[in-house]
There are 2 protein chains.
Amino acid sequence: MNSFISREQDYALRITARLAELRKGEQMSIKELSNDMFISKIFAARIVHKLKLAGVLGTNQGRTGGMFLASDPKKLSAYQVLNIIGFKVKYNNCLADDFNCELIGKCRFHGFFHKQEIIMIEQFKKMKISDFLFNKTKQNNGGH
Amino acid sequence: MNSFISREQDYALRITARLAELRKGEQMSIKELSNDMFISKIFAARIVHKLKLAGVLGTNQGRTGGMFLASDPKKLSAYQVLNIIGFKVKYNNCLADDFNCELIGKCRFHGFFHKQEIIMIEQFKKMKISDFLFNKTKQNNGGH
DNA sequence: TTTAAACATTACCTGACAAGTAATATATAA
DNA sequence: TTATATATTACTTGTCAGGTAATGTTTAAA
């Protein structure tokens with residue numbers, strides 16, 4: 001393991017990027033989405049629910065239900081999506097809030113890891129969901 | 001949780017950095033080392049053994065035994081030490097060799113994660129153990 | 001020769017958690 | 001009423017980091 005990004009977080013990114021390709025007013029069912037993105041339907045539903053609670057996407061229940069992106073994909077960062085699914089990753093445990101390091105003030109690794117972590121997070125904040133569309137020709141945001 | 005660096009890897013870095021402070025010919029016991037670096041003695045022994053097998057440090061058994069750094073700390077990178085302890089971290093599982101992604105060629109997340117991972121690894125390669133000495137002013141730790 | 005103190009090595013335990021499954025509830029349009 | 005959506009909770013399972021325990025081997029000093 002030891003992956004920064006969990007499967008669930010990865011799926012959340014895929015899902016938002018896929019929904020960002022829909023036209024205005026268009027929606028998509030979990031079934032279709034999970035087929036497209038190769039995620040089990042039930043797992044996808046759970047993720048979709050979290051994203052909905054966070055306001056990133058909207059859902060309609062019922063027979064003609066489905067879901068759609070409720071945020072501007074050009075403003076929605078990868079970092080935001082990851083955080084909704086619980087992105088609490090650290091370069092090293094010693095950077096965690098509740099970590100009590102006996103070597104604090106003496107250990108130079110701490111500062112190095114801290115700096116690297118900040119650099120990484122900046123990258124995740126910089127990248128927006130619109131940068132990750134699967135098929136750019138289908139995209140429908142301004143300038144078409 | 002989900003830390004890039006495991007405790008064991010972190011300890012390996014501490015150990016090599018601490019040993020780098022010894023004078024030429026000087027050695028240190030696991031007992032003293034584990035006290036200094038706040039690592040359980042038995043866990044430290046396991047890590048030391050791995051580092052010895054990799055040639056990073058040398059050990060002497062027996063009553064007056066101990067260990068010493070066998071590499072030049074100015075050439076030994078943090079990356080090398082991490083690798084000895086099994087640094088197989090990925091930004092995302094999809095970067096693993098045995099990962100079979102159904103979205104390959106279509107998914108833009110892959111390329112992004114790959115790029116970020118390379119940048120990170122470069123940093124770990126650039127930093128040498130000599131950059132992390134605990135006490136730069138007293139490198140030879142006189143009155144011990 | 002005996003013993004103390006060092007490193008060497010293997011085996012095992014345990015709690016956390018990622019990942020996925022199962023089951024059931026609720027909502028809505030035809 | 002029914003088919004088909006999403007909503008929600010609970011459970012299962014496998015993995016593994018982190019640590020503990022136990023025992024072996026080596027060496028120098030008593």
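In the text below, chain A, chain B and the rest are named by the order of the sequence lines, each starting its count at 1. All values reported here derive from a predicted model rather than from experimental measurement. Quick note: numbers below take in every heavy atom, side chains included, and nothing from hydrogens, waters or symmetry partners.
In the model, A:N60 has a side-chain atom that pairs as donor or acceptor with a side-chain atom of A:Q27 under 3.5 Å.
If you measure from atom CG of B:N60 to atom P of C:dA6, you get 13 Å, rounded to the nearest angstrom. Between B:I30 atom CD1 and D:dT26 atom P the separation is 16 Å, expressed in whole Å. The NZ-P distance, from B:K41 to D:dA22, rounds to 15 Å in whole Å. Counting to the nearest Å, the P atom of C:dA19 and the CZ atom of A:R14 are 12 Å from each other. Across the protein-nucleic acid pair, A:F43 atom CZ and C:dA19 atom P stand 7 Å apart, rounded to whole Å. With rounding to whole Å, A:R46 atom CZ is found 19 Å from C:dA25 atom P. Going from atom CD1 of B:I47 over to atom C1' of D:dG19 covers 11 Å, rounded to whole Å. Regarding B:K50, its NZ atom lies at a distance of 11 Å from the C1' atom of D:dG18, rounded to whole Å.
Distances shorter than 4.0 Å separate none of the side-chain N or O atoms of B:Y11 from OP1 or OP2 on D:dA17. The phosphate of D:dT6 (OP1 or OP2) has no side-chain N or O of A:K52 nearer than 4.0 angstrom. Contact check, B:K31 against C:dA5: no side-chain N or O comes under 4.0 Å of OP1 or OP2. In this model, the phosphate group of C:dT21 is approached by a side-chain N or O of A:S40 to a distance below 4.0 Å at OP1 or OP2. A close approach under 4.0 Å does occur between a side-chain nitrogen or oxygen of B:T59 and OP1 or OP2 of C:dA8.
B:S3 contributes a side-chain N or O that, together with a main-chain N or O of A:N93, makes up a donor-acceptor pair within less than 3.5 Å. Of the possible polar contacts, one joining the B:E117 side chain to the B:Y91 backbone as a donor-acceptor pair under 3.5 Å is found.
Taking every side-chain heavy atom of A:Q61 into account, D:dT6 is the closest of D:dT6, D:dG18, C:dG20.
With respect to the salt-bridge test (charged N to carboxylate O, under 4.0 angstrom), the residues A:R108 and B:D131 do not qualify.
As judged by a 4.0 angstrom heavy-atom cut-off over every strand, A:I42 is placed among the base-contacting residues.
For B:F124 and A:F112, the ring centers are positioned less than 6.0 Å apart.
Heavy-atom distances to DNA chain D give each of A:R63 and A:V48 a nearest nucleotide, and the one nearer the 5′ end belongs to A:R63.
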